[in-house]
**Student:** 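This structure is in structure tokens; I'll ask about it shortly.
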There are 2 protein chains.
Amino acid sequence: MPLDEKSPIPLYHQLTKELRENMENGDWLPHSLIPSETELCEKYGVSRGTVRQALSQLVQEGLLYRKQGRETFVAEPKITQQLNKFYSFAQDMREKGLKPSSKVLQNEEILPDSYIKNVLGLKEKEMVYKIMRLRLADEEPLILEASYLVEELFPDLDREDVEKVPLYDIIIKKYRIRITRKVE
Amino acid sequence: MPLDEKSPIPLYHQLTKELRENMENGDWLPHSLIPSETELCEKYGVSRGTVRQALSQLVQEGLLYRKQGRETFVAEPKITQQLNKFYSFAQDMREKGLKPSSKVLQNEEILPDSYIKNVLGLKEKEMVYKIMRLRLADEEPLILEASYLVEELFPDLDREDVEKVPLYDIIIKKYRIRITRKVE
DNA sequence: GAGTGGTCTAGACCACTGA
DNA sequence: CAGTGGTCTAGACCACTCT
């Protein structure tokens with residue numbers, strides 16, 4: 001299906017749609033390679049910038065993933081998209097005029113019981129952060145969540161941070177630090 | 001703070017960091033205009049492509065928003081960001097070649113203890129779904145999450161569903177049903 | 001070494017908004 | 001109208017991976 005240059009729809013949009021369909025139809029299976037950027041340029045007669053714009057969109061949606069020096073792969077549909085779906089869950093609510101919110105109820109450093117210890121693969125006497133949050137839609141409680149974070153990976157989790165900032169902000173922050181360390 | 005061309009950190013990353021700090025420091029207030037792309041090009045001595053790459057990142061994180069034919073504004077730091085941040089957390093991992101994943105460890109219908117009952121505003125003897133999930137990055141456990149879902153709001157939560165499909169898919173599904181009822 | 005994706009440049013034309 | 005962001009091109013060099 002060639003792209004339509006005269007269409008008011010941008011080329012990269014047309015291209016994402018095209019590529020998305022390849023995956024939905026099952027033509028491209030999870031973990032299989034897709035054509036290289038250069039090949040896609042030739043096939044659709046567009047510049048590499050446009051191809052990259054289209055691919056970035058799909059990577060962002062979690063449908064594709066790339067590897068340095070290797071190629072671009074089709075992502076596994078379940079895990080990856082779960083996170084994007086969560087995004088659209090709250091998105092959905094907002095579109096319907098409901099207000100998603102969350103409250104931090106507890107935020108403590110605790111010695112985990114043996115079940116948690118085993119699951120998280122902790123050493124003896126290793127502590128975890130326990131954070132309890134209530135998720136609401138329009139002030140109505142939907143879900144209560146207890147999160148246990150491996151302390152080692154979130155070294156200086158500030159109690160005030162959790163109150164003020166959403167949990168995942170902190171995780172990102174810590175996470176970035178962790179990666180940096182790994183690279184150094 | 002000029003950008004460092006010799007640094008191994010890409011220019012657009014340096015630029016996003018720079019701009020992010022402007023907002024965190026309060027130099028750029030919500031709903032105020034930021035310099036135009038052309039001005040940023042001149043100020044930092046980079047091409048427009050690089051500036052746009054940096055700005056796109058921040059728009060994606062929900063820190064900025066753009067208007068056609070107008071300019072780029074600083075966003076209000078509200079709920080929206082929390083979700084975008086969460087989104088970019090997994091995004092980040094994927095970009096760095098790490099694989100975010102999750103495993104369902106438990107999925108049961110239980111009679112909640114009094115704490116959970118109070119928090120969720122449940123009636124006497126009302127049941128909840130308890131779902132325990134482990135979040136990993138590259139097979140390394142990061143977080144253990146226990147979720148307690150109000151049964152009434154997720155009426156026919158299928159045990160197999162949870163195994164196969166990500167939790168939030170189900171929530172969305174149920175949630176849509178509920179909203180439909182409300183609207184009707 | 002050849003091929004890949006990651007970054008970056010310097011141009012270009014367009015649709016849109018505001019004065 | 002001049003200025004903005006939205007799209008697109010055709011080059012370029014790099015770090016990385018595989019063979």
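Note that this is a predicted model, so its numbers are computed, not measured. To find a chain, count down the sequence lines: A is the first, B the second, and so on, and within it residues start at 1.
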**Student:** With respect to the phosphate group of dC8(D), does any side-chain polar atom (N or O) of Ser47(A) fall under 4.0 Å of OP1 or OP2?
**Tutor:**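 False: Ser47(A) side-chain N/O out of range (4.0 Å or more) of dC8(D) OP1/OP2.
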
**Student:** When you look at Trp28(B) and Leu19(B), which way does the side chain to side chain contact (heavy atoms under 4.5 Å, CB included) test go after all the steps?
**Tutor:** CA-CA 9 Å; Trp28(B) 288 357; Leu19(B) 301 179; 3.5 Å; yes

**Student:** Taking CD from Glu37(A) and P from dC8(D), how many angstroms apart are they, rounded to a whole number?
**Tutor:** 16 Å

**Student:** Grab the NE2-C1' distance between His13(A) and dT7(D) for me, whole Å please.
**Tutor:** 10 Å

**Student:** Rounded to whole Å, please give me the gap between CZ in Arg52(A) and C1' in dT9(C).
**Tutor:**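 Computing the Arg52(A):CZ to dT9(C):C1' distance gives 15 Å.
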
**Student:** Specify the closest pair of heavy atoms between Met23(A) and Val74(A), including all atoms of both residues, with the distance to one decimal.
**Tutor:**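 Heavy atoms only, the tightest pair is SD-CG1, 3.9 Å.
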
**Student:** Could you list the residues that satisfy ring-ring contact (aromatic ring centres under 6.0 Å, His included) with Phe73(B), not counting sequence neighbours?
**Tutor:** Tyr65(B)

**Student:** Taking atom P of dG6(C) as reference, at what distance in whole Å does atom OH of Tyr65(A) sit?
**Tutor:** 14 Å

**Student:** Can you check whether Thr50(B) has a side-chain N or O nearer than 4.0 Å to OP1 or OP2 of dT7(C)?
**Tutor:** no

**Student:** Might you point out which heavy atoms bring Leu55(A) and Arg66(A) nearest each other, and give the distance in Å?
**Tutor:**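 Between these two residues, the closest heavy atoms are CB-NH1, 3.8 Å.
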
**Student:** Can you name the side-chain contact (heavy atoms from CB on, under 4.5 Å) partners of Ser114(A), sequence neighbours left out?
**Tutor:** none

**Student:** In whole angstroms, how far is the C1' atom of dG5(D) from the CG atom of Leu40(B)?
**Tutor:** 12 Å

**Student:** Dot-bracket for DNA chain C, please. Rules: Watson-Crick or G-U, both distances under 3.5 Å, ( ) within the strand, [ ] when a pair crosses earlier ones, | for another strand, . otherwise.
**Tutor:** ||||||||||||||||.|.

**Student:** Go through dT9(C), dT7(C), dG5(C) for me and flag the one nearest to the Pro10(B) side chain.
**Tutor:** dT7(C)

**Student:** Using whole Å, what does the distance between atom C1' of nucleotide dG5(C) and atom CD1 of Ile34(A) come to?
**Tutor:**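 Nearest whole value for this atom pair: 11 Å.
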
**Student:** Minimum heavy-atom separation for Pro112(B) to Leu122(B), with atom names?
**Tutor:** CG-CD1, 3.8 Å

**Student:** Any pair with a residue in residues 113-122 of chain B that passes salt bridge (Lys or Arg N to Asp or Glu O under 4.0 Å), sequence neighbours left out, goes on the list, sorted by first then second residue, please.
**Tutor:** Lys117(B)-Glu124(B)

**Student:** Looking at Thr38(A), does any N or O in its side chain come under 4.0 Å of the phosphate oxygens OP1/OP2 on dG3(C)?
**Tutor:**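 No, because none of the side-chain N or O atoms of Thr38(A) sits under 4.0 Å from OP1 or OP2 of dG3(C).
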
**Student:** Please produce a list of atom pairs where a protein N or O lies less than 3.5 Å from an N or O of nucleotides 11-17 of chain D.
**Tutor:**
{"from": "dA12(D)", "atom 1": "N6", "to": "Arg48(A)", "atom 2": "NH1", "distance (Å)": "3.1"}

**Student:** Mind calculating the distance between CD (Gln14(B)) and C1' (dT7(C)) to the nearest angstrom?
**Tutor:**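 From Gln14(B) CD to dT7(C) C1': 12 Å.
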
**Student:** On DNA chain C, check which nucleotide each of Glu39(A) and Leu11(B) is closest to and give me the residue with the more 5' one.
**Tutor:** Glu39(A)

**Student:** So, is Tyr12(A) near the phosphate of dT7(D), with a side-chain N or O under 4.0 Å from OP1 or OP2?
**Tutor:**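 True: Tyr12(A) side-chain N/O within range (under 4.0 Å) of dT7(D) OP1/OP2.
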
**Student:** If you take all heavy atoms of Leu120(B) and Leu144(A), which pair is closest and at what distance?
**Tutor:**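 What the structure gives for the nearest pair is CD2-N, 3.9 Å.
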
**Student:** What residues form a side-chain contact (heavy atoms from CB on, under 4.5 Å) with Gln53(B), not counting sequence neighbours?
**Tutor:**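 For Gln53(B), the residues satisfying side-chain contact (heavy atoms from CB on, under 4.5 Å) (neighbours in sequence not counted) are Tyr12(B).
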
**Student:** Mind listing the closest non-hydrogen atom pair of Met132(B) and Ala146(B) along with its distance?
**Tutor:**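 Closest pair (atom of Met132(B), atom of Ala146(B), distance): CE-CB, 3.9 Å.
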
**Student:** Could you give the CG-to-C1' distance, from Leu33(B) to dG5(D), as a whole number of Å?
**Tutor:** 13 Å

**Student:** Taking OP1 and OP2 of dG5(D), is either one under 4.0 Å from a side-chain nitrogen or oxygen of Thr72(B)?
**Tutor:** yes

